[in-house]
Number of protein chains: 2
Amino acid sequence: MYPNILRHPGPTPIPKKVELAMAQDMISHRSAEFVKLYRETTERVKPVFGTKQDILLLPSGGTAAMEAAVANITSPGDEVVVVTVGAFGDYFVSICEKYGLNVHKLQKKWGEACTKEELADFLKPLSNIKAVFATYNETSTGVLNPVEQLGEAVREHSDALFIVDGVSAIGGAPAEMDKWGIDILVTGSQKAMMLPPGLALLAVSDKAWKVIESNDSSAYYLSLLSYREWNEKGMTPNTPAVSLIMGLSAVCDLIDEEGGFSKTVERHEVMKNMVRKSMNALSIDLLTADEYASPTITAIRTPEGLDLGSYISHLKKKYHLDFAGGLGPLQGKIFRFGHMGYCFPSDILEAVSLMEAGLQDFSYPFEPGAGVKAAQEVYLSSLRKS
Amino acid sequence: MYPNILRHPGPTPIPKKVELAMAQDMISHRSAEFVKLYRETTERVKPVFGTKQDILLLPSGGTAAMEAAVANITSPGDEVVVVTVGAFGDYFVSICEKYGLNVHKLQKKWGEACTKEELADFLKPLSNIKAVFATYNETSTGVLNPVEQLGEAVREHSDALFIVDGVSAIGGAPAEMDKWGIDILVTGSQKAMMLPPGLALLAVSDKAWKVIESNDSSAYYLSLLSYREWNEKGMTPNTPAVSLIMGLSAVCDLIDEEGGFSKTVERHEVMKNMVRKSMNALSIDLLTADEYASPTITAIRTPEGLDLGSYISHLKKKYHLDFAGGLGPLQGKIFRFGHMGYCFPSDILEAVSLMEAGLQDFSYPFEPGAGVKAAQEVYLSSLRKS
């Protein structure tokens with residue numbers, strides 16, 4: 001009966017309009033109806049990526065799109081740099097290693113971002129770097145890497161392609177793929193894009209297409225040249241995730257309803273600030289500095305003296321509030337509060353209120369209402385501005 | 001307003017119960033709820049494959065599952081045999097070639113099946129064959145290869161693994177993976193499985209797991225060892241297609257409601273016979289001999305003297321009846337009548353009636369009602385038997 005309040009880093013709640021759009025009658029992926037849906041929808045997604053390039057749709061998870069980037073631009077033995085600030089940066093490392101690349105790993109402490117200067121210093125002594133891989137939003141730590149600046153460092157110190165995993169950012173964080181010089185930007189459907197899992201979105205720069213054209217890639221299902229060829233016809237090489245594309249069209253409607261993508265980005269910024277200010281007011285520490293804080297997910301340290309596992313499972317059991325735990329070295333040390341996609345300031349007020357209720361159950365010393373009050377202030381102030 | 005009558009080889013119509021199941025609230029793929037859903041559902045799918053092996057679920061199209069089979073069991077330079085009787089057999093050829101395998105291609109004329117004797121004769125002079133690939137149901141021609149007998153030929157004349165693409169068969173055709181000695185059986189969600197596209201299902205024999213364990217595969221997203229490892233925990237390596245798995249659970253309910261999978265197979269057999277007998281009655285030729293006719297899709301030759309393109313687009317425009325055309329060398333020569341998944345004898349009567357209406361519009365010489373009458377007879381006779 002009680003709804004589960006899913007405040008995870010993804011999959012995230014699905015809007016009713018998207019569910020209904022996905023329940024439309026099935027159509028053939030080789031029909032004129034599909035071509036119209038595909039062309040219109042991929043066109044409408046471009047502002048979310050900040051690109052004029054075509055948006056390619058793969059019927060797969062975001063991981064497959066990350067692998068597609070690696071598989072299509074590199075050959076075994078190529079030198080690459082991977083910037084990793086957490087679990088999903090490490091993903092890129094393991095994909096690159098699996099493909100037999102020589103990986104130069106710029107590893108940051110979990111919870112920190114990589115700065116332009118750090119990447120520049122790392123690149124200076126290296127040569128023949130084929131590609132630099134980075135995570136835009138590190139889901140495991142709630143860090144938003146400054147990809148615009150990282151792109152500058154890549155261009156100033158190498159001829160490398162700049163490949164960005166945008167999986168938990170795109171749809172909630174600002175993105176200017178073309179302006180920022182990102183050569184391949186990938187994301188998945190189940191995070192800020194407000195869709196169920198199963199669709200990967202990907203765009204490729206002219207510079208990267210040239211590399212792909214001359215590369216003898218082993219990719220078959222993930223062959224981007226094949227996707228580009230079929231994209232010309234308004235179709236995909238294999239059966240696409242038709243219902244997810246119907247849903248994606250409804251997502252574009254919702255973004256239009258909100259007043260365009262810049263408004264969506266503003267809402268995420270407000271939600272981020274609401275969560276952070278409320279935790280400050282409750283004297284609960286955040287993992288990440290404000291400067292690099294993610295607009296889609298916040299990593300919160302264990303409230304002092306509390307057993308984190310008990311607190312999180314209590315919130316789920318008693319209040320149906322569902323947070324995600326920490327990964328790897330942060331397991332038991334943080335929990336993750338997702339605020340992306342179909343999530344609103346009202347949801348933040350609800351979740352912070354329930355967190356406070358839970359803290360009272362644990363006799364945690366704090367002033368009840370302080371967190372909610374701080375979140376309200378951020379919200380009200382944002383409404384006055386807009 | 002008028003519903004589109006989708007009689008395609010896939011994607012196929014989605015049952016309302018499946019649509020509603022897919023619209024359930026999203027859950028985390030690392031939650032206890034997901035583990036329960038995953039474990040129960042994959043267990044319930046086993047009879048549809050005819051296997052005691054675990055069913056692995058990939059968030060991808062069927063093509064990716066075919067590639068997973070190739071990528072996980074072979075290494076460049078391996079000798080393999082591919083039995084191809086149409087466009088989807090050729091898929092396996094091109095995947096194997098992409099992976100640098102030495103492909104021995106047993107090519108049959110489109111519209112014919114491969115017999116046990118033909119495969120046996122083909123295998124006899126060969127040695128060191130790592131795997132034999134075959135298509136169970138060739139979607140481009142409506143041929144159901146006798147995979148049970150092909151499996152016997154493989155075992156009698158080689159030590160090869162026997163890999164079967166079951167994409168447009170599984171869920172509608174009988175399948176006894178274990179008894180028939182199939183080592184990897186793959187399918188996609190959007191055909192006889194009554195789901196939208198985006199989920200691949202795959203099972204692996206003990207013999208194939210041994211090969212996979214000792215093989216140094218380059219697969220990352222498609223690493224079956226990784227799927228097996230996570231399957232032990234009731235999860236998948238990456239974010240799975242959660243809503244499609246919810247839908248798959250509803251598909252299992254529907255199969256139970258029908259009286260078990262053998263009843264589902266019987267229904268497809270009846271529909272196949274209805275289509276074939278009605279075409280006989282209309283003196284319209286079929287591409288394939290009855291012996292190897294597919295229970296899920298029938299390839300029908302152009303009615304004599306008719307312009308096929310005009311007839312098919314007339315049926316779509318005037319009657320909203322949506323057939324698929326021919327592929328490759330059969331383009332313009334056949335059309336394909338899909339009768340798989342959420343399709344019933346009543347749908348066959350409807351489609352044949354509308355075909356007859358269309359034939360009258362074209363002043364085609366035939367006895368109106370003859371096709372429907374023949375289909376009715378098959379249907380009524382099946383009801384008397386059951």
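Keep in mind that this is a model prediction, so the values were computed, not measured. Lettering of chains follows the sequences in order, A, B, ..., and the numbering in each one begins at 1.
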Chain B contact via [X] - which portion, at a heavy-atom distance below 4.5 Å:
X	result
Leu58(A)	neither
Ile95(A)	both
Pro9(A)	neither

Side chain to side chain contact (heavy atoms under 4.5 Å, CB included) partners of Ala131(B), counting only residues at least two apart =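 Once residues adjacent in sequence are excluded, the partners of Ala131(B) under the side chain to side chain contact (heavy atoms under 4.5 Å, CB included) criterion are Ile73(B), Val80(B), Phe133(B), Leu161(B), Ile163(B).
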
Check your understanding: If you count heavy-atom pairs under 4.5 Å between each of Gly100(A), Gly198(A), Pro196(A) and chain B, which one has the most?
Key ->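 With the most close heavy-atom pairs to chain B, the winner is Pro196(A).
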
What are the atom names and distances for all donor-acceptor pairs below 3.5 Å between chain B and chain A?
| from | atom 1 | to | atom 2 | distance (Å) |
| --- | --- | --- | --- | --- |
| Glu33(B) | OE1 | Lys316(A) | NZ | 3.4 |
| Glu33(B) | OE2 | Lys316(A) | NZ | 3.0 |
| Gly61(B) | N | Tyr221(A) | OH | 2.8 |
| Thr63(B) | OG1 | Asn238(A) | ND2 | 3.4 |
| Glu67(B) | OE1 | Tyr221(A) | N | 2.6 |
| Tyr91(B) | OH | Asn238(A) | ND2 | 2.7 |
| Ser94(B) | OG | Tyr220(A) | OH | 3.0 |
| Lys98(B) | NZ | Ser217(A) | O | 3.0 |
| Gln190(B) | NE2 | Thr239(A) | OG1 | 3.3 |
| Ser217(B) | O | Lys98(A) | NZ | 3.0 |
| Tyr220(B) | OH | Ser94(A) | OG | 3.0 |
| Tyr221(B) | N | Glu67(A) | OE1 | 2.6 |
| Tyr221(B) | OH | Gly61(A) | N | 2.8 |
| Asn238(B) | ND2 | Thr63(A) | OG1 | 3.4 |
| Asn238(B) | ND2 | Tyr91(A) | OH | 2.6 |
| Thr239(B) | OG1 | Gln190(A) | NE2 | 3.3 |
| Lys316(B) | NZ | Glu33(A) | OE1 | 3.3 |
| Lys316(B) | NZ | Glu33(A) | OE2 | 3.1 |

- Which atoms of Ala219(B) approach chain A - backbone, side chain, both or neither, heavy atom under 4.5 Å: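 Contact with chain A: backbone only.
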
| said: Please give me the minimum heavy-atom distance between Pro13(B) and Met26(A), naming the atom from each residue. | reply: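 In terms of heavy atoms, the two residues are closest at CA-CB, 4.5 Å.
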
- Query: Where do Pro11(A) and Val242(B) come nearest, in terms of heavy atoms and distance?
  - Reply: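 Residues Pro11(A) and Val242(B), closest heavy atoms: CG-CG2, 4.2 Å.
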
